[in-house]
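The structure appears right after this line, and notes come after that.
Below, all heavy atoms of this structure are taken into account, side chains as well, without hydrogens, waters or symmetry copies. Read the numbers this way: they start at 1 and go in the same order the structure lists the ligands and their atoms.
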Amino acid sequence: MTGTMNLRSRAHLLGCVLGLRSLALVLWGIPGARALDNGLAMTPTMGWLHWERFMCNTDCEEDPDSCVSEKLFMQMADLMDSEGWRDVGYEYLCIDDCWMAPQRDSKGRLQADPKRFPGGIRRLADYVHGKGLKLGIYADVGKLTCAGFPGSYGYYDIDAKTFADWGVDLLKFDGCHFDTLVDLADGYKYMSLALNRTGRSIVYSCEWPLYMMPFRKHMPNYTEVREYCNHWRNFADIYDAWQSVKSVLDWTSSNQEKIVDAAGPGGWNDPDMLVIGNFGLSWDQQITQMALWAIMAAPLFMSNDLRQISPQAKALLQDKDVIAINQDPLGKQGYRLRKEDNIEVWERPLSDFAWAVAMVNLQEIGGPRFHTISLASLGGGLACLPACLITELLPVKGKLGFYEWTSSLKLRINPTGTVLLRLDRTN
Ligand SMILES: *[C@@H]1O[C@H](CO)[C@@H](O)[C@H](O)[C@H]1NC(C)=O
Ligand SMILES: *[C@@H]1O[C@H](CO)[C@@H](O)[C@H](O)[C@H]1NC(C)=O
């Protein structure tokens, strides 16, 4: 916090002197919004989530390798352990919808589908913990889950206790099939308190703002959301296409004045899963997703098949320098600084007065384009004052060298691709 204040007062001073227009963006006030007090998600949660890649595939006879089953999660746990995923930070192995049996048990508790999870969730959790990982599970605030399995409405305490008894470490709480907006809000809040009462540390992943969005008159109160949730989805489910990634970025930049300040240690905006390593994104588009999810301080939940992933996609997802930006302890979300001629410039303040800067080329015709950026325009004028060391992280790693505040930098960006830089100030 001291660092932030220091940066702000310096920014203010410089802004007065130089009258920099971009300064307004750096100075969105943070009224010290309180985060959910469970000590978790001090940096964005990292892990794997089955939904985008495996959806609601329950047909283990026809498709035994890709159905939602304990076997799938045990295989992923093995690989997260053996292939270096856990070691770079991907810690939470998360189950999404369609794990449940169609009915609760005789005591009203949720139960896993006995055919697909013959050992039950408790044993799966033990297995996952044995690999040094954590287990995430899924439920719904309403009467049914989105895929029609039993919802938690009326069962919040029982379900929280069941998850804690099983040794679950994260709950993704969906928002399908609620009756009123009051039920929706009360349900999300109640479950947060019910999880707390179990005494077990459980990351609470909400979709509360997303389900409020259709009701335009009721904008989410992010101060309140942050008090109850460790992260929260704002926008539609991601899918394996550039169109989808682009729409997430569009929505985020269009709403940045409302959402960026809500993020911080303990609570994050969640733009949904990383689809890197699947079928729909070109290499440049995968780079764009990784770079921008780092700028947005997004939870990093991969949804892909770790049994079949290209070495290239794996290297991108395991890039320690990019992950370090995502996980920066200052915990401030980045934002779009400007858009001109189909080039977007995004920036994110980091600890130790460093900055991350991403330049995205959104022009989908033609070849790579050059873009020149004046260093004095970055970080409210402070990113490179009086000089900085610039390192390119993506698409190619390398030190670009020392630059002075007055200099500019010319970069080449592929169509739908991104150049991600790190700027470290020097004296
Ligand atoms: C429950 O909430 C209290 C007070 O907000 C907090 O101190 C405690 O650590 C929380 N416990 C868990 C398990 O999240
Ligand atoms: C938003 O929630 C906070 C915390 O619960 C509350 O103090 C504030 O008054 C709310 N804001 C609005 C506009 O309702």
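For the ligand labelled ligand 1, residue Gly199 lies inside the 4.0 Å heavy-atom shell.
Inclusion of Arg200 in the set of residues having an N or O under 3.5 Å from an N or O of ligand 1 is not warranted. Taking only nitrogen or oxygen atoms, main chain and side chain alike, Ser201 does not reach within less than 3.5 Å of ligand 1.
Listed by first then second residue, pairs satisfying disulfide bond (SG atoms under 2.5 Å apart) with a partner in residues 136-191 read Cys146-Cys176, not counting sequence neighbours. Sorted by first and then second residue, the salt bridge (charged side-chain N to carboxylate O under 4.0 Å, His left out) pairs with a member in residues 199-214 read Asp169-Arg200, Lys172-Glu207, Glu207-Arg233; sequence neighbours excluded.
Take Lys339 and apply the side chain to side chain donor-acceptor pair (under 3.5 Å) test, not counting sequence neighbours, and it matches no residue.
Because its NZ or CZ atom is both nearer than 6.0 Å to the ring centre of Tyr155 and within 45° of the ring axis, Arg104 counts as a cation-pi partner of that residue.
Between Trp166 and Phe163, the ring planes lie tilted relative to each other; the angle falls in the 30° to 60° range. Between Tyr204 and Tyr188, the angle of the ring planes lies from 30° to 60°, which puts this pair in the tilted group.
Screening His371, Arg338, Arg336 against Glu344 for a side-chain hydrogen bond (donor to acceptor under 3.5 Å, both in side chains) leaves a single residue, Arg336.
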message = I'd like to know whether Lys161 forms a salt bridge (Lys or Arg N to Asp or Glu O under 4.0 Å) with Asp157, so could you lay out the CA-CA distance, the side-chain angles of the two residues, the decisive distance to 0.1 Å, and finally the verdict.
response = CA-CA 6 Å; Lys161 182 166 184 315; Asp157 284 306; over 6 Å; no
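Less than 4.0 angstrom separates some heavy atom of Asn38 from each of these atoms of ligand 1: 14 (O).
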Could you go through ligand 2 and note, for every N or O atom, any protein N or O atom closer than 3.5 angstrom, writing the atom names and distance to 0.1 Å, or 'none'?
| unit_1 | atom_1 | unit_2 | atom_2 | d |
| --- | --- | --- | --- | --- |
| ligand 2 | 2 (O) | Asn221 | OD1 | 3.3 |
| ligand 2 | 2 (O) | Asn221 | ND2 | 2.4 |
| ligand 2 | 11 (N) | Asn221 | ND2 | 2.9 |

